[in-house]
Protein chains: 2
Amino acid sequence: MTIRDARRAAGPGAGPEFVGEFGWALTVLLREWRSRVEAVVGDLPHGSRGYQVLAAVVREEPPTQASLAQRLCIDRSVMTYLIDRYVECGLVERQQDPADRRARRIVPTERGRRTLDELDARVREVERELLGSVPEADRLVLRRLLRQAADAVSHDAKAPQPTDGMGRG
Amino acid sequence: MTIRDARRAAGPGAGPEFVGEFGWALTVLLREWRSRVEAVVGDLPHGSRGYQVLAAVVREEPPTQASLAQRLCIDRSVMTYLIDRYVECGLVERQQDPADRRARRIVPTERGRRTLDELDARVREVERELLGSVPEADRLVLRRLLRQAADAVSHDAKAPQPTDGMGRG
DNA sequence: TATTGTTATACTCTATAACTATA
DNA sequence: TATAGTTATAGAGTATAACAATA
């Protein structure tokens, strides 16, 4: 079944979609993603969040703690503890940012890179299993749309929201 | 841009997708969904989760506390407090299940139904804004695929998992 | 004056276990 | 023996505020 078929079949009224379903689906999937990732990362400190931090550190331009915290929706005070632990384990290092002496750039150690490589293989498999019910061809679509939405939200969060008069009733 | 176009444009290598991105996108979107829903539900107890409970109570066959807890990924002990509060507020009632005297069926009051109607309108708007970056035609696709994945995961969770030898390192 | 990172504290959420009443 | 619901408690996660260093 192609996406077009699916969309046509779903049509208006054909799918019992309801308000709030979006939030429910996110809740269920994220919970399961965390649970399964935590089951395969072994003794990696801070479980699935630790994996996300390590992945961000390896893949991005050496991020500051603040940018990591913002990107991963983790409070900066929590980020301090988390990085402390990862430095202890020899997975990352703190380096002074030459351009801003307040900031610390978090860079992976060689061991950190190798660890992430191993974890990536396991997480890739986890994500494959998690989307097992979605036809192969549609998975990329789902991932892309999800990412598109998340990117926009993540960027919006960096800019202060204009007041829109939506009070809390 | 249609889904087919998007898929073609994304092609292999065209999109910088990475392992774990799926979890990241879920994290960002769910956090924002909760935050925005909480901003519009006013003084509804238990915020966005309270909304999800009320929605489930109104839309499903009167659920038991246990089925609610399982469906919404909330611990049954937490569900007790949450329902207590909603009974206090006159939004739902506990009714004995005639077929199983251990179970309580949670049914909405008239006020509960009216409250949900109002909240639904606001949440619908929240979800529309949250997916503002996704073209109108693609939103339904995203919702459908997300739901498909979540449904499967949710059902799997009900059946005990067979051991698959995936130890924790 | 604002921001980065640190530290301490308080609060919320979550998980766990014990208990009862039913099945 | 297992399940639904309740209650109490401990633990993890989270938010908040104060502070020093720097911009």
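Residue numbers start from 1 in every chain, and the chains themselves are labelled A, B, ... in the order their sequence lines are given, proteins ahead of strands. Everything numeric in this text was worked out from a predicted model, so none of it was measured.
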Looking only at side-chain N and O atoms, does B/Trp33 offer a donor or acceptor that is under 3.5 Å from a partner on B/Glu127? yes
Atom pair distance, as rounded to whole Å: CD in A/Glu93 and P in C/dG5: 16 Å
Return the value, rounded to whole Å, for the distance between atom CD1 of A/Ile106 and atom P of C/dT6. 8 Å
With respect to the phosphate group of C/dA15, does any side-chain polar atom (N or O) of A/Arg31 fall under 4.0 Å of OP1 or OP2? yes
When you check the gap from the basic side-chain N to the acidic O, do B/Arg71 and B/Glu60 get nearer than 4.0 Å? yes
Please state whether the phosphate of D/dT6, meaning OP1 or OP2, lies under 4.0 angstrom from any side-chain nitrogen or oxygen of B/Gln65. yes
Ion pair check, B/Arg122 and B/Asp117, cut-off under 4.0 Å: no
Closest approach of A/Pro63 and A/Leu68, non-hydrogen atoms and distance? CG-CG, 3.7 Å
A/Gln70 CD to D/dT14 C1', straight-line distance once rounded to whole Å: 18 Å
Tell me what A/Asp97 touches on the nucleic acid: a base, only sugar-phosphate, or nothing, going by heavy atoms under 4.0 Å. nothing
Quiz item: B/Ser77 side-chain donor-acceptor pair to C/dT14 base, under 3.5 Å: no
NA contact type, B/Thr64, heavy-atom cut-off 4.0 Å: base, sugar-phosphate, or nothing? sugar-phosphate
Return the value, rounded to whole Å, for the distance between atom CD1 of A/Ile74 and atom C1' of C/dG5. 15 Å
May I have the distance from B/Arg34 (atom CZ) to C/dT12 (atom P), rounded to whole angstrom? 16 Å
Take the protein atom CG of B/Leu30 and the nucleotide atom C1' of C/dC13, then report the distance between them rounded to whole Å. 14 Å
Do the side chain of B/Arg102 and the base of D/dT3 come within less than 3.5 angstrom through a donor-acceptor pair of N or O atoms? yes
Distance, rounded to the nearest Å, where B/His46 contributes NE2 and C/dT14 contributes P: 10 Å
Select one nucleotide: of C/dT14, C/dA23, C/dT7, the one nearest the side-chain heavy atoms of B/Asp100. C/dA23
Between B/Met79 (CE) and D/dT3 (P), how many Å, whole number? 18 Å
B/Tyr81 or A/Arg49: which one's nearest nucleotide on DNA chain D is closer to the 5' end? B/Tyr81
Atom CD of A/Glu61: over 12 foreign heavy atoms under 6.0 Å: no
Applying a 4.0 Å non-hydrogen cut-off, can you work out what B/Asp75 is touching in the nucleic acid: base, sugar-phosphate, or nothing? base
Residue whose nearest DNA chain D nucleotide is more 5′ - B/Arg104 or A/Arg76: B/Arg104
